[in-house]
J.: 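My structure is below; once you've seen it, I'll send some questions.
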2 protein chains.
Amino acid sequence: MTTAHLDATFMALADPTRRAILARLAQGEATVMELVAPFKLSQPAISKHLKILERAGLITRGRDKQKRPCRIEPQPLAEANQWLESYRKLWEANFARLDDLLDELKQQKP
Amino acid sequence: MTTAHLDATFMALADPTRRAILARLAQGEATVMELVAPFKLSQPAISKHLKILERAGLITRGRDKQKRPCRIEPQPLAEANQWLESYRKLWEANFARLDDLLDELKQQKP
DNA sequence: AGGTTGTATAACCGATGGGAAATATACGAG
DNA sequence: CTCGTATATTTCCCATCGGTTATACAACCT
């Protein structure tokens with residue numbers, strides 16, 4: 001995964017409206033108007049969010065008559081998840097080492 | 001984890017410089033100047049990034065004489081990870097169901 | 001063809017991000 | 001006290017975000 005790709009993915013996730021859209025899409029495809037409904041936002045506002053999600057590859061859009069149904073694309077999420085996971089493990093390993101060190105120090109001077 | 005907290009965390013992760021800083025800090029504490037060194041950026045630029053990371057709770061800073069060593073705080077990362085993970089699982093479950101459906105359809109009409 | 005619904009685009013606005021440069025502050029060394 | 005180092009803060013710039021309203025485009029239905 002390129003750095004730019006991670007940029008776009010995390011940036012797309014950094015907005016509550018977009019995370020809510022993703023949560024909604026987790027239950028299945030939805031049209032733009034169906035996504036507009038639950039929010040107090042205008043349709044263009046939602047379309048903008050969808051474009052950002054699309055740019056990050058988090059969703060793709062089909063064509064059904066004049067509707068453009070959105071669906072989730074799980075791969076970029078998996079990649080972001082992988083990045084987070086690997087660093088989390090690394091950090092936790094570091095903290096474990098730190099804990100070990102502290103334990104050692106405590107034992108040396110009780 | 002509050003929505004605002006997730007906002008700040010993902011926003012902080014959406015910049016390659018900040019991710020690089022986190023990667024550097026994964027190897028242990030570092031001062032501001034040590035973090036400035038590997039980049040072509042000015043010191044104030046790095047200080048800004050550190051402030052954003054601090055705001056998201058991803059790092060904390062100590063005090064050692066006139067230095068302000070930065071260290072990683074793993075908890076918010078774990079929380080972001082948890083959010084991603086849960087949605088990823090949900091989406092993958094959805095895709096699995098879709099796959100099952102497709103398999104079923106294939107078997108019906110071979 | 002004309003009207004309606006679904007979606008996208010444009011133009012605009014205020015807030016914020018990411019950067020540079022300059023300056024201020026805080027601390028330690030001599 | 002002064003100098004140098006480490007860091008923070010201020011000021012300024014430009015680009016982008018997130019929202020609005022108004023408008024255009026596209027596809028369906030009479």
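What you see is a predicted model; the values in this text were computed from it and never measured. Convention: sequence-line order gives letters A, B, ...; per-chain numbering from 1.
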J.: Nearest whole Å is fine: how far is D:dC17 C1' from A:D15 CG?
T.: 9 Å
J.: For A:L50 and A:C70, work out which heavy atoms get closest and say how close.
T.: CD1-SG, 3.9 Å
J.: Which class fits the ring pair A:F10 and A:W83: parallel under 30°, tilted 30 to 60°, perpendicular over 60°?
T.: perpendicular
J.: Looking at A:H49, does any N or O in its side chain come under 4.0 Å of the phosphate oxygens OP1/OP2 on D:dG19?
T.: yes
J.: Once you apply a heavy-atom cut-off of 4.0 Å, does A:A45 come out as touching a base, just sugar-phosphate, or nothing?
T.: base
J.: Return whichever of A:I52 or A:Q66 has its heavy-atom-nearest nucleotide of DNA chain D closer to the 5' end.
T.: A:I52
J.: Under a 4.0 Å threshold between the charged nitrogen and the carboxylate oxygen, would A:R88 count as salt-bridged to A:E85?
T.: yes
J.: On DNA chain C, does the nearest nucleotide to A:R61 precede the nearest nucleotide to A:K48 from the 5' side, or the other way round? Give the residue.
T.: A:R61
J.: Distance check needed: C:dG17 P versus A:F10 CZ, whole Å only.
T.: 18 Å
J.: Without decimals, in angstroms, what is the distance between A:I46 CD1 and C:dT9 P?
T.: 16 Å
J.: Measure CG/A:L35 against C1'/C:dA8 and give the value in whole Å, please.
T.: 15 Å
J.: Is the base of C:dA8 touched by the side chain of A:Q43 through a donor-acceptor pair closer than 3.5 angstrom?
T.: yes
J.: Please report the shortest heavy-atom distance between A:A56 and A:A12, naming the atom on each side.
T.: CB-CB, 4.0 Å
J.: Starting from P on D:dA6, measure out to CD on B:E29 and report it in whole angstrom.
T.: 17 Å
J.: I want to check one thing: is the phosphate of D:dT9, taken as OP1 and OP2, less than 4.0 Å away from some side-chain N or O of B:K51?
T.: yes
J.: Return no unless some side-chain N or O of A:R68 is found under 4.0 Å from OP1 or OP2 of C:dG6.
T.: no
J.: Indicate whether OP1 or OP2 belonging to C:dG17 is found under 4.0 Å from a side-chain N or O atom of B:R55.
T.: yes
J.: Would you please confirm or rule out a distance under 4.0 Å between OP1 or OP2 of C:dA8 and any side-chain N or O of A:S47?
T.: yes
J.: Send over the distance from B:M33 CE to D:dG4 P, rounded to a whole Å.
T.: 16 Å
J.: Report yes if a side-chain nitrogen or oxygen of A:K67 is closer than 4.0 Å to either non-bridging phosphate oxygen (OP1 or OP2) of D:dC28; otherwise report no.
T.: no
J.: Identify, between A:R18 and A:P44, the residue whose nearest nucleotide on DNA chain D lies closer to the 5' end.
T.: A:R18
J.: Any sub-3.5 Å donor-acceptor pair from A:R24's side-chain atoms to A:E34's backbone N or O?
T.: no
J.: Rounding to a whole Å, what distance do you find between B:D64:CG and C:dG28:C1'?
T.: 12 Å
J.: Are any of B:T31's side-chain N or O atoms less than 4.0 Å away from OP1 or OP2 of D:dA6?
T.: no
J.: For the pair made of CG in B:L50 and P in C:dG17, what is the distance, rounded to whole Å?
T.: 15 Å
